[in-house]
Amino acid sequence: MILMGPPGSGKGTQAAVLAWFQDLRHVSTGDMLRAAVASGSALGKRVEGIMAAGELVPDDVMMEIVKERLEELGEGWVLDGFPRTAEQVAGLVELLDGLGQEVGLVVDLQVPDEEIVRRLAGRVTCGDCGHTTSRDALDPDGGCPDCGGRTLHVRVDDAEETVRRRLDVYRATTGPVAEALGRRYPLRRVEGVGAPDAVAQRIASALEAADQA
Ligand code: ADP
Ligand code: ZN
């Protein structure tokens with residue numbers, strides 16, 4: 001599966017739910033890049049500034065990372081955050097054809113801009129367990145709802161100006177990617193507004209419909 005959608009559309013949340021219920025491996029290029037930055041590796045040093053500015057990491061770098069991961073994983077994954085450009089679509093199709101793999105479904109989450117800016121402005125990440133949530137969803141005493149952790153931080157690229165830049169990049173470059181994928185693989189647009197459970201239910205229905213087609 002491939003999960004598409006603007007920043008803040010809930011791709012990461014939904015991909016994690018899907019990975020769990022459908023027994024798929026969650027492949028998040030954003031998480032992989034953030035881990036590289038945190039580890040201080042050569043890759044991390046190369047991409048840190050690009051990510052903080054809300055720009056896209058070069059296609060050749062992304063292809064190398066994804067190729068390595070998908071080759072080691074075998075079948076049964078959900079991709080979150082990739083592909084993001086026409087070049088990445090072409091690279092992915094070539095890679096999967098070479099591996100003899102198909103994409104069962106591409107889900108394109110639909111969320112309006114105002115909702116995205118609102119969501120990202122309130123988003124925090126737990127430094128202890130990595131859970132991402134909104135400030136509204138914290139414990140009454142301000143702890144992480146998953147582990148009670150208190151080292152909550154804001155992603156550097158969730159600063160309001162960077163959010164706007166990420167949205168612009170999305171509209172200009174990544175928006176058309178879902179359509180391009182849809183020419184090769186089954187594609188469903190799914191409403192991304194509402195409770196995470198409700199969205200997950202819509203994605204599950206889309207999967208069922210795709211399986212029957
Ligand atoms: P979001 O979808 O909320 O913007 P991600 O975690 O998917 O968050 O990505 C964070 C950042 O990582 C992006 O703004 C970009 O700099 C980089 N990135 C992730 N995936 C890709 C990709 N496929 N191509 C280029 N850059 C990427
Ligand atoms: Zn936590």
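Quick note: residue numbers are just sequence positions, from 1. Both counts, for ligands and for their atoms, begin at 1 and track the order of listing.
Remark: side-chain polar atoms of R166 are paired, donor with acceptor, to backbone N or O of D157 under 3.5 angstrom.
Contacts with ligand 1 closer than 4.0 Å are made by heavy atoms of both the backbone and the side chain of M51. By the criterion of a heavy-atom distance under 4.0 Å, both the backbone and the side chain of L56 are placed next to ligand 1. Counting heavy atoms under 4.0 Å from ligand 1, residue Q88 touches it through the side chain alone.
In the vicinity of G30, heavy-atom distances shorter than 4.0 Å reach the ligand 1 atoms 5 (P), 6 (O), 9 (O), 19 (C). Per-residue contacts place R34 under 4.0 angstrom from the following atoms of ligand 1 (heavy atoms of the residue considered): 6 (O), 10 (C). Close approach to K11 involves these atoms of ligand 1, each under 4.0 Å from a residue heavy atom: 2 (O).
Metal site remark for the Zn ion (ligand 2): H131 contributes no N, O or S atom at a distance under 2.8 Å.
For atom 21 (C) of ligand 1, the closest heavy atom belonging to the protein is R84 CD, 3.5 Å.
Contact between R155 and ligand 1 is present, with at least one heavy atom of the residue lying under 4.0 Å from the ligand.
Geometry at the Zn ion (ligand 2): SG/C144 and SG/C129 form an angle of 110°, nearest 10 degrees. Seen from the Zn ion (ligand 2), atom SG on C126 and atom SG on C147 lie at an angle near 100° (rounded to 10 degrees).
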